[in-house]
Amino acid sequence: MRLYSGTSEQFVQDTIQNQIAEKLRQSFFHHFHYYPSPSEINSWKNSLRALSLVFMNAGLKDHGVLLEYQLPSTSKRLDCMVTGRDERGEEQAVIIELKQWDRCEESNGENEVVTWVGGTKRDVLHPSAQVGFYQMYLQDTHTAFYEDDCVHLSSCAYLHNYHYDENDVIFAPKFQQLLRDFPIFTADDVDKLTHFLKSKLSKGNGIDILRKIENSKYRPSKKLMEHVGNTIKGKKEYVLLDNQRVVYDKVFAFAREGFHDKRKHVVIVKGGPGTGKSVIALNLLADLSLAGYNTHYATGSRAFTETLRTIIGRRGSVQFKYFNSYTKAQYNEVDVLICDEAHRIRKTSNSRFTKKENRSNIPQIAEIINAAKVSVFFIDDNQVVRPDEIGSTAYIAKYALDNGCQVYIEELDAQFRCNGSEGFINWINNTLGIRQTANVLWDINDPFEFKIFDSPFELERAIREKAKQGYSARLTAGFCWPWSDPKADGTLHNDVVIGEFRRPWNAKPDATRLAPGIPKATLWAHDPNGMNQIGCVYTAQGFEFDYVGVIFGKDLTYNLDEQRWEAHKEHSYDTVVKRSKDKFIDLVKNTYRVLLTRGMKGCYVYFMDKDTERFFKSRIQYQSTMDADRVAEERMEY
């Protein structure tokens with residue numbers, strides 16, 4: 001996806017005629033179904049006008065230009081990419097990151113500076129680091145930049161309001177290698193930027209190269225579990241972008257300071273599904289451990305933790321813990337404690353298995369923060385699916401501040417799941433009534449596949465077909481059927497019954513002596529045989545698949561007459577959630593949000609309640625006349 005594609009000459013003319021920002025604005029609406037903010041429009045006007053002057057100065061007339069070009073499988077967009085040929089006739093592309101900054105301050109992060117963003121001072125990536133990571137990401141994921149006869153890629157940043165000062169923090173010694181690899185050009189460097197662009201693109205003829213980039217394919221999305229082992233072994237499997245990298249560097253800075261600072265550091269990282277929380281967490285675990293820090297990785301999910309332990313092997317599994325593993329930990333026993341899915345933190349670490357003499361009233365959050373010099377919490381406030389899960393951002397921040405900790409909060413906004421479709425997550429939030437967003441309608445032509453099936457058999461066939469094609473795929477469902485213990489021979493009961501459709505849940509977490517070919521609950525998401533069972537939210541949460549199938553049960557339905565969501569405890573078999581009183585509807589909504597957002601490439605759904613299905617269909621923007629007429633007829637019914 002890109003908001004603008006054309007020749008350099010056309011780009012200059014659109015800027016001179018004051019049309020470029022309006023073209024981007026209309027293109028933005030076409031792709032996202034809402035208009036960009038006034039601040040973003042003003043940014044386009046100011047930065048692109050400055051860039052067009054450089055293009056004219058450099059004589060760039062026969063080149064390709066992409067503006068607001070989306071990085072593969074993310075929601076991040078490049079400001080500008082220019083294509084052409086160099087003196088030797090080789091294909092070239094240059095990424096140009098545009099900044100309106102006029103000053104910045106020092107940060108303790110390795111790749112960061114502090115500047116004024118969004119009404120406050122914030123740690124942000126140094127422009128050379130930001131554009132450099134974009135370049136590396138494209139070279140990792142886009143076939144145009146890594147296959148034979150590839151397009152050579154270069155990057156730079158243009159700070160058109162920033163006047164050069166050799167003593168400025170942006171030119172500090174720690175950034176010298178970045179500046180050599182990915183140079184910065186300030187307001188005083190128009191001639192230098194002109195020379196840089198001409199050295200890469202002097203022969204023009206860039207439109208064919210632009211089309212090559214637009215028509216090339218993306219490498220398949222990297223699957224988290226397949227790369228955990230390599231990540232822990234120190235092999236770089238992911239390139240962290242923008243505030244992902246800011247979080248990574250900030251934790252490293254706090255780890256260094258933790259040896260000398262009497263105050264504890266608490267980092268809270270907020271982000272919705274697919275914003276890369278687990279990717280950052282695993283990279284931190286690997287790199288902090290390699291740097292000699294005693295680092296633990298804790299979750300509240302048995303399935304997620306045991307899967308990680310299986311992949312890593314016995315030797316490395318000791319670093320993977322649970323939130324309740326720190327009841328007897330010594331003060332500052334751990335250098336860095338990474339808590340993934342921290343929304344699953346509970347009031348205390350007591351469970352039904354805790355002996356009476358070992359029970360404690362100490363809050364679980366107190367045990368975790370007590371155990372570590374630096375505590376890092378990755379959290380999604382809308383993934384709470386049980387009433388005893390209390391790990392909200394507000395709760396953790398309040399406890400940390402009340403106990404004298406230094407607190408740092410960062411929010412991740414880039415989408416790295418659902419094909420980078422931030423709109424799909426927003427649409428699900430809006431449709432389920434979890435949070436109002438601008439994405440009221442879902443575009444059926446979006447690269448992310450969202451399909452509704454007429455029967456559970458059709459849904460299952462579609463998911464199995466994706467698995468046969470080599471994609472990771474799983475079938476899941478709301479907790480609307482009983483969950484039986486295995487039979488005496490170790491096989492599973494067909495608990496999920498919809499007419500003639502009868503399938504088993506995944507095995508219970510405490511099930512033993514399972515029949516051959518039936519994976520334990522903790523390995524359901526990773527074992528290929530997990531395709532033969534239906535997963536519930538407690539085994540699917542935390543994992544990602546290429547395609548997810550969801551059976552949307554009758555525990556949550558949409559009342560078309562009254563235009564509101566309704567929860568039905570009589571259709572739920574989740575005994576804990578059923579006891580949550582007025583929280584029940586919110587927990588069930590969160591459950592379906594979790595299930596619907598497990599897919600990276602597609603989400604397929606079967607609705608047991610047809611009014612709920614009609615409501616979802618009414619929120620889909622169909623393009624063909626046939627589809628539009630069919631949906632219109634269904635809407636007429638109510």
Side-chain angles (χ1 to χ4, degrees), residues 37 39-40 42-43 46-47 76 79 97-134 155-189 240-261 263-271 275-276 280 283-284 287-288 336 374-378 393 397 400-401 405-414:
S37 66
S39 62
E40 186 162 17
N42 287 331
S43 174
N46 296 330
S47 294
K76 284 293 177 186
D79 289 337
E97 181 66 22
L98 300 169
K99 299 291 186 189
Q100 297 190 85
W101 303 357
D102 56 10
R103 62 186 178 275
C104 60
E105 300 171 11
E106 188 174 358
S107 166
N108 60 356
E110 181 182 353
N111 297 285
E112 283 75 31
V113 292
V114 174
T115 192
W116 194 264
V117 178
T120 187
K121 288 183 178 180
R122 290 181 54 193
D123 284 78
V124 296
L125 279 180
H126 186 283
S128 293
Q130 181 182 7
V131 76
F133 290 133
Y134 286 173
S155 304
C156 67
Y158 182 30
L159 281 61
H160 53 87
N161 292 334
Y162 210 107
H163 288 281
Y164 180 76
D165 179 352
E166 63 179 4
N167 296 317
D168 194 289
V169 65
I170 207 167
F171 302 109
K174 69 176 181 179
F175 298 130
Q176 288 309 301
Q177 187 59 53
L178 279 173
L179 288 164
R180 283 191 290 270
D181 294 339
F182 316 107
I184 278 180
F185 300 97
T186 66
D188 307 298
D189 295 329
L240 303 179
L241 301 177
D242 290 10
N243 49 356
Q244 287 188 326
R245 187 75 197 196
V246 171
V247 169
Y248 174 95
D249 286 340
K250 185 60 69 174
V251 172
F252 253 91
F254 287 156
R256 289 191 298 269
E257 296 170 2
F259 283 99
H260 311 290
D261 195 334
R263 285 198 303 170
K264 289 177 175 287
H265 292 80
V266 170
V267 180
I268 301 173
V269 185
K270 301 167 58 179
T275 48
I280 305 170
N283 273 274
L284 280 169
D287 294 347
L288 285 164
V336 182
V374 181
S375 305
V376 188
F377 300 93
F378 291 90
T393 301
L401 291 170
C405 302
Q406 181 177 343
V407 177
Y408 177 83
I409 300 176
E410 183 74 39
E411 184 160 6
L412 302 173
D413 53 3

Next item on the list: Evaluate the side-chain proximity of D123 to Y408: yes if any heavy-atom separation is below 4.5 Å, no if none is.
Entry: yes
Notebook entry, point to check: Is there a donor-acceptor pair closer than 3.5 Å between any side-chain N or O of N161 and the backbone N or O of Q100?
Noted result: yes
Next item on the list: Go through the structure and list residues passing salt bridge (charged side-chain N to carboxylate O under 4.0 Å, His left out) with R122, not counting sequence neighbours.
Entry: E410
Next item on the list: Answer yes or no: is there a donor N or O on one side and an acceptor on the other, between the side chain of Q176 and the main chain of F171, under 3.5 Å?
Entry: yes
Checklist line | Distance-only side-chain donor-acceptor flag, N42 / S39, under 3.5 Å | finding: no
Margin query: With a 6.0 Å cut-off (strictly less than), is the heavy-atom count around CD of E106, excluding the residue itself, greater than 12?
Written below: no
Next item on the list: Classify the angle between the aromatic ring planes of H126 and F175 as parallel (below 30°), tilted (30 to 60°) or perpendicular (above 60°).
Entry: tilted
Item checked: Member of L288, L284, V269 meeting the side-chain contact (heavy atoms from CB on, under 4.5 Å) criterion with Y248 -> L284
Checklist line | D168 and Y162: side chain donor to acceptor below 3.5 Å | finding: yes
Check: Under 3.5 Å, is there a donor-acceptor pair linking the side chains of K174 and N111?
Finding: no
Check: At what distance, to the nearest 0.5 angstrom, does CG of D181 lie from SG of C156?
Finding: 13.0 Å
Item checked: Contacts of E97 that satisfy salt bridge (charged side-chain N to carboxylate O under 4.0 Å, His left out) - sequence neighbours left out -> K99
Check: Between the side chain of D189 and the main-chain N/O of T186, is any donor-acceptor distance below 3.5 Å?
Finding: yes
